[in-house]
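Please read the structure below before turning to the comments.
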Amino acid sequence: MCGIVGYLGKNRAADILIDGLSKLEYRGYDSAGVAIIENSDIDVNKCKGRLANLQEKLKEHVLDGKIGIGHTRWATHGEPSDVNSHPHTNESGTIAVVHNGIIENYLVLREWLSSEGYKFVSETDTEVIPHLVDYYYEGDLLDAVMKAVKRMEGSYAIGVICKDEPNKLIAVRKDSPLIVGVGKDESFIASDIPAVLNYTRDVYLLEDNEFVLIEDKGITILDENKKKVEKEIYHVTWNADAAEKGGYEHFMLKEIHEQPKAIKDTLTSRVVKGQKINLDSINITKEQIQDIDKIYIVACGTAYHAGLVGKTAIEKLAKVPVEVEVASEFRYREPLINERTLMIVISQSGETADTLAALRLAKAENARVIAVTNVVGSSVSREADDVLYTWAGPEIAVASTKAYVTQLIAMYIIALYFAENKGSIRQSEIDKIKCGLLNLSEEAAEVLNQKDIIKDFAKKICNDKDMYFLGRGLDYAVALEGSLKLKEISYIHSEAYAGGELKHGPIALIEKGTKVIALATQEHLFDKMLSNIKEVKTRGANVIAIAMEGHDVIEKTVDSAIYIPRVKSLLAPILSVIPLQLLSYYVSIEKGCDVDKPRNLAKSVTVE
Ligand code: F6R
């Protein structure tokens, strides 16, 4: 939800800010803007729409200033428009602010500031910040920002510059991500690491309520009492290329193709043939595992779908009851949590507001929390008791693909780890699953080889208005993910149903030519699924099936079939989701949609 950047150094700030924003556009693309100190004044340029619009504007208005801030917006308060775009300034234009988050008490502040004579031009919550800083400004920007922040409730990562102190950039975060890039004679702030990777690999990962003072002489980090905070530099080991398209037309296609590697990286050193699961990063003891009497898996969207697979894996292998919950619902329903409850939160970004709130709720009730996340140093990783990183590498496309399969891997690893510690199933069974996991990377690559067949299917279905995904057991969990993928990037209405549930209502929607994607990879449910497929075929549906090799008998019933390698049913979701990801991708391309930046969406949902 919104991306912010800031720069102070020896180079043209405009170029560096625009480059940084281009790496953060996945966080929102309703508008973009920069504020740069130019000839002793703050020069603000901003406009509605994609970053390209701003770039076009800046072609005619070249800026040479060496300090500035920038913003790419996902609109919450106020429609996408030029005036609602960031940066926002005080009335005299001497203070400029970029903000990611929501100032929850902005109406109260706005009313009070208005009574003090301040005039507002936008509908945003953010605009109160430059006015507040102005109110407190007495010649020391850091001081004024610190005082302003004390009045603000909600979430924020902000960058502030001031005309009267042209060699200072101030930043602070609370519940919204912010990192500081440490360059040679130049410093950066950004919502995410890829924005600075072209310039430095050394970053500080900020904690909540830490202030950053960037000056020519370097970076100072302070706590809310102005006490200097000594922080270790985090050296980024992955390449800037990891956050580039690398020859692919879209990030999503690249990330789909990175899945074999992501699976391997997430397994490496944790799952080794003939050895116990090795989870160095997890401190939970054998006794604590044995004491757990309930697990909540809490997440949103795709990560929630990964949790559904996690439930089956943990219940089957570790024999502990698991409830999977959508984070935005969980936090408001007084769930039963105690010290024998374990919560597993799953979040690619590690910043999703509802997931973070659920984590905090669990901690407040003395439950232990394991975070499964892809972003090192993210909020959930810092606040959970244990972290299991998914080593998917940066995921840039808004539609999650490689993060999902690595979340599934993480779920299998946790399930096996618990099973080993509890002795809940036979070691021989555990060993078979480990072997299965270790083969998945190559098998995923085999599925990717079928992309041309899937491309042809996409051509046949791209003009449909509605589509249905069916599956039983784990196939139902994957059906939900396939359906989400299709709607978010191709805007085709689709729904996922459990195969057996159809006749309780939704089958009324099936008519001649209705497209149905049926997953039939679960060995023990195959015959039942075949019956469900026949039910929709009889009513005229056109069915594409995803099945395991060896189940080609399905061709007698369906119109077309895509096969995945034969694996244990428990592990099939890792492979069966890939054709669905590719199908959504190619349908989106056929329809001419913006695959990586679907309308109304942002990658990281840091507001409720
Ligand atoms: C869909 C998608 C979203 C996210 C959800 C949670 O493709 O990406 O549904 O899965 O917003 O995000 P994280 O995992 O960052 O908490």
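One-based numbering, in listed order, for ligands and for the atoms of each.
Checked against ring pair (Phe, Tyr, Trp, His ring centres under 6.0 Å), Y248 has the following partners two or more places apart in sequence or in another chain: H257.
No donor-acceptor pair under 3.5 Å is formed between the side chain of R201 and the backbone N or O of H235. For S494 (side chain) and L486 (main-chain N/O), no donor-acceptor pair under 3.5 Å exists by modelled atom type.
Counting only N and O atoms by type, the side chains of K402 and Y404 include no donor and acceptor under 3.5 Å apart. Between the side chains of T124 and N84, no donor-acceptor pair of N or O atoms lies under 3.5 Å. Side-chain atoms of E395 and S400 form a donor-acceptor pair, as typed in the model, at a separation below 3.5 Å.
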Could you go through ligand 1 and list every pair where one of its N or O atoms sits under 3.5 Å from a protein N or O, giving the atom names and the distance to one decimal?
unit_1   : atom_1 : unit_2 : atom_2 : d
ligand 1 : 7 (O)  : T302   : OG1    : 3.3
ligand 1 : 7 (O)  : S400   : N      : 2.9
ligand 1 : 7 (O)  : K485   : NZ     : 2.9
ligand 1 : 7 (O)  : E488   : OE1    : 3.2
ligand 1 : 7 (O)  : E488   : OE2    : 2.5
ligand 1 : 8 (O)  : V398   : O      : 3.3
ligand 1 : 9 (O)  : T302   : N      : 3.2
ligand 1 : 10 (O) : T302   : N      : 3.1
ligand 1 : 14 (O) : Q348   : N      : 2.6
ligand 1 : 15 (O) : S349   : N      : 2.8
ligand 1 : 15 (O) : S349   : OG     : 2.7
ligand 1 : 15 (O) : T352   : OG1    : 3.4
ligand 1 : 16 (O) : S347   : OG     : 2.6
ligand 1 : 16 (O) : T352   : OG1    : 2.4

